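Heads up: the structure comes next, in structure tokens.
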Amino acid sequence: MQAIALFFLATVAVGGVTWVFVYPILSGERNAEKRVASVARPEPVARVKRNQQKSRRDEIEGTLKQIEERHKKERVSLATRISRAGLDWSKQKFIVISAALGLAFFTAVLFTGAGLIPALAAGFAGAFGLPYWLLAFLRKRRENQFINAFPDAVDIIVRGI
């Protein structure tokens with residue numbers, strides 16, 4: 001009988017504590033408090049002077065940075081990565097070359113006597129690490145070449161006009 005009473009009291013206590021913490025979330029009381037706090041500010045709102053406003057250039061620069069961050073997060077397809085690297089390979093050719101590199105790394109490490117686990121790790125690195133690193137390296141090199149040649153191209157166009 002005492003065990004049942006103890007269980008009942010513990011359940012009521014846990015339920016009461018849960019009610020205290022969960023009720024404001026479920027009732028929307030916290031959201032109401034936030035709305036009231038945002039509307040009824042005790043301190044006066046400082047007015048922004050005209051010269052303190054952000055310039056148009058700063059706003060555009062911030063927007064461009066946000067767009068650039070969004071583009072960095074996007075996942076690019078394999079075909080796009082290959083074309084950005086300046087290669088004319090198909091996806092199948094890239095996959096075959098990746099598999100061949102992985103197999104070559106695996107057999108090279110296996111025949112050196114390092115063991116199966118290091119050979120598997122080397123095969124994985126050769127199949128997935130090296131080809132994708134090579135694509136990134138070639139893309140970066142191509143972009144740098146473009147950036148270095150771009151001012152001359154603009155100069156030629158301007159002089160031609």
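Every value quoted in this text rests on a predicted model; they were computed, and no experiment measured them. The figures here come from the full heavy-atom set of this structure, side chains too, leaving out hydrogens, waters and symmetry mates.
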Query - Hphob cluster co-occupancy, L87 + V96, side-chain heavy atoms under 4.5 angstrom - result: no

Query - Ring center gap for F94 and Y132 short of 6.0 angstrom - result: yes

Report task. Consider only side-chain heavy atoms of I, L, V, M, F, W and Y, link residues closer than 4.5 Å, and tell whether F106 and W133 are in one cluster. Result -> no

Requested in this report: Step through the shown structure and confirm whether more than 12 heavy atoms of other residues, nucleotides or ligands are within 6.0 Å of CD1 on I67.
Outcome: yes

Query - Closest approach of P131 to A125 (non-hydrogen atoms, all atoms of both residues) - result: CD-O, 4.5 Å

Report task. Determine whether more than 12 heavy atoms belonging to other residues, nucleotides or ligands lie under 6.0 Å from atom CZ of R84. Result -> no

Report task. Flag the pair F146 / F150 as yes when their ring centroid distance falls below 6.0 Å, and as no otherwise. Result -> yes

Report summary line: Value for CG (L110) from CG (L120), rounded to nearest 0.5 Å, stands at 8.5 Å

Report task. Classify the angle between the aromatic ring planes of F124 and F128 as parallel (below 30°), tilted (30 to 60°) or perpendicular (above 60°). Result -> tilted

Query - Separation of E143 CD from R139 CZ (nearest 0.5 Å) - result: 4.5 Å

Query raised in the report: What distance separates L138 CG from I82 CD1, expressed to the nearest 0.5 Å?
Result: 11.0 Å

Report task. To the nearest 0.5 Å, tell me how far I95 CD1 sits from W89 CH2. Result -> 12.0 Å

Query raised in the report: Atom CD in E69, atom CG in L64: separation rounded to 0.5 Å?
Result: 12.0 Å

Query raised in the report: Of the options D152, V158, I157, which is the one that meets V154 in a side-chain contact (heavy atoms from CB on, under 4.5 Å)?
Result: V158

Query - side chain to side chain donor-acceptor pair (under 3.5 Å) between T80 and S77, worked out - result: CA-CA 5 Å; T80 305; S77 69; 2.8 Å; yes

Query raised in the report: For I117, does the CD1 atom have more than 12 heavy-atom neighbours from other residues, nucleotides or ligands under 6.0 Å away?
Result: no

Requested in this report: Mind checking the CG-CG spacing from L101 to L103? Nearest 0.5 Å is all I need.
Outcome: 10.0 Å

Requested in this report: Check for a donor-acceptor pair, side chain of N148 on one end and backbone N or O of N144 on the other, with a separation under 3.5 Å.
Outcome: yes

